[in-house]
2 protein chains.
Amino acid sequence: MAKNQSTEDYLKGIYKLQHNGKGVATSELAKHLKIGDGSVTGMIKKLAAKRLVHHTPYKGVSLTASGKRLAVQMIRRHRLWEMFLVKFLGYRWDEIHDEAERLEHVTSQEMERRLDKALGYPKVDPHGDPIPTMNGEFDGTAYSPLSEFEVGDRVKIIRVDDDQGVLQLAATLGLGLNKNLTVKEKMKFDGSMIVKVGPKEQFISQRIAKSIFVRVV
Amino acid sequence: MAKNQSTEDYLKGIYKLQHNGKGVATSELAKHLKIGDGSVTGMIKKLAAKRLVHHTPYKGVSLTASGKRLAVQMIRRHRLWEMFLVKFLGYRWDEIHDEAERLEHVTSQEMERRLDKALGYPKVDPHGDPIPTMNGEFDGTAYSPLSEFEVGDRVKIIRVDDDQGVLQLAATLGLGLNKNLTVKEKMKFDGSMIVKVGPKEQFISQRIAKSIFVRVV
DNA sequence: AGTTGATTTTAGGTGCACCTAAATTTAGGT
DNA sequence: ACCTAAATTTAGGTGCACCTAAAATCAACT
Ligand SMILES: [Mn+2]
Ligand SMILES: [Mn+2]
Ligand SMILES: [Mn+2]
Ligand SMILES: [Mn+2]
């Protein structure tokens, strides 16, 4: 049942891209994985032969039940490792993605369980992304992008996009998980904002406000 | 400079087998890696082209300076991970080898340094094998197999062979690292012994006594 | 319904790490 | 020196994951 690195990355990619609608376009997956379109078509046929995906030629791929199970397992392992890197090794939240990307593929079920336990059964990773349970269930807190809020709203940061640039900037601005903030100004012109975080006010572009997810508090 | 899993396992294998004399026989390496002789010859030629090993056809392989550097780095990573698995995840010392065997290949230099630090810069792994420094230096305490000692000798366990069977049995008998023990009896006939460990006396075969390494205390 | 541009698949490669079986080389004993 | 058995290398495969370029299909607009 355990598969290899490529298989795992394809399944994870399909999972990530699918949420929007139904089938994922091969070209979309190819772009995500940085692999040629033709190569992806070929690989997809192998995955279909192993019953991990459904493939209707020219119409896109989707995960089967077992494909989805594996994809979610990889996401769980990825996020547990990210947690480990921050909590045990003291990495910053913007340094962990690529490391976890490799660790996730060499993780036995036993290790996964022990990691989870050692970390105190965390519900979310260092970016606020939910860590699915061993049974593949997600426990999602609802959130919306900060960019959608208005002057006067008091909100708490629930999740930040796992993107190096976003994470670095957010950290610099003092915008970490669970931080409370108040929208002080919002420019009609370009959607940028001034928000109050702790004692000080910060200017933030719409671009970054769209990558920071919050809920009212 | 970083290489892939196969390369790393070949170099580590050559390093392990070389200590005896000079060149390592291809068949010896093949047996160690559980790979066909012909495949090993082929791979060795690639490693030689990359200047990681010296290969005199029909006369064996040996590591170049950079090959040795990489081999020792893998050993360091392997042993740091074994330490992590025991100290942070609570694995038993007989369960960790195969897990570390995979983790060692996905470890960046940054991770290696942070792991080392988080573990408190350990000098030996959970089996008593020395952990080389970042510069590749080993800090070896001298030891001899328990089987060479005689009645009356008081010794301390410094190292136990990283072999599942040996480790499981040793643990059952209460023979862990740094434990002190006294040789109570030694049978001429088959080299088996009775040793006192803490309050109780244990019978141990020569086979196991040869896999437990100690020094006088 | 027909043309056309974009998407997708197919066809024909490559490099890698392995395999098995056939040659070759080496070393030991006469 | 010669023969032979064992060790080693070579030769000719395989499967995998990738590539590029050509062919097929789709969809969408006249
Ligand atoms: Mn990955
Ligand atoms: Mn994350
Ligand atoms: Mn290994
Ligand atoms: Mn060890």
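Everything numeric in this text was worked out from a predicted model, so none of it was measured. So that the names make sense, note that chain A is the first sequence line, chain B the second, and so on, each numbered from 1.
In this structure a side-chain-to-backbone donor-acceptor pair under 3.5 Å is present from B:T64 to B:L52.
Contact check, A:Y10 against D:dC16: no side-chain N or O comes under 4.0 Å of OP1 or OP2. Residue A:S6 places no side-chain N or O under 4.0 Å from the OP1 or OP2 atom of D:dC16. Using a 4.0 Å cut-off, no side-chain N or O of B:S39 falls inside it from OP1 or OP2 of C:dA17. For the OP1/OP2 pair of D:dA7 and a distance below 4.0 Å, the side-chain nitrogens and oxygens of B:T26 include no atom meeting the criterion. Phosphate contact (OP1/OP2 of C:dT7, side-chain N/O of A:S27, threshold under 4.0 Å): absent.
The aromatic rings of B:F88 and A:F88 lie perpendicular to each other, with more than 60° between the two planes, well past the 30° mark. Ring-plane geometry between B:H97 and B:H78 is classed as tilted, the angle between the planes lying from 30 to 60 degrees on a 0 to 90 degree scale.
The cationic group of B:R159 lies under 6.0 Å from the six-membered ring centre of B:F213 and within 45° of the ring axis, placing it in a cation-pi geometry.
Nearest to the side chain of B:I35, among C:dC18, D:dT9, C:dC16, sits C:dC18. When distances run from any side-chain atom of B:K45 to the nucleotides D:dC18, D:dT10, C:dT9, the shortest one goes to D:dT10. Nearest nucleotide to the side chain of B:T41, out of C:dT7, C:dT9, D:dT8: D:dT8. Residue A:Y58 has its side chain nearest to C:dT9 when only D:dC16, C:dT9, D:dC19 are considered. Distance from the side chain of B:H55 is smallest for D:dT9 among the nucleotides D:dT9, D:dC16, C:dC18. Nearest nucleotide to the B:D37 side chain, out of D:dC18, C:dT9, D:dT9: D:dT9.
Ion pairing of B:K87 with B:E82 is absent here, as no side-chain N (NZ or NE/NH1/NH2) approaches a carboxylate O to less than 4.0 Å. The pair A:K188-A:D190 does not meet the salt-bridge criterion, since no charged nitrogen lies less than 4.0 angstrom from a carboxylate oxygen.
One atom, NZ of A:K46, and another, P of C:dT9, lie 15 Å apart when rounded to the nearest Å. Between the P atom of C:dC19 and the CG atom of B:L33 lies a distance of 10 Å, rounded to the nearest Å. Between A:L29 atom CG and D:dC18 atom P the separation is 11 Å, expressed in whole Å. A straight line from CG of B:N4 to P of C:dC16 spans 9 Å, rounded to a whole angstrom. Atom P of nucleotide C:dC16 and atom NZ of B:K50 are separated by 7 Å, given to the nearest angstrom. For B:I44 and C:dC16, the CD1 to P distance is 17 Å, given to the nearest whole Å. Taking atom NZ on A:K34 and atom C1' on D:dT20, their separation rounds to 20 Å, with Å as the unit. Residue A:L47 contributes atom CG, which lies 10 Å from atom P of D:dC18 at whole-angstrom precision.
Both A:P57 and A:M43 lie near DNA chain D, and the one whose nearest nucleotide falls closer to the 5' end is A:M43.
Across all strands shown, the partner of C:dT9 is D:dA22, judged by Watson-Crick or G-U wobble contacts whose two distances both fall under 3.5 Å.
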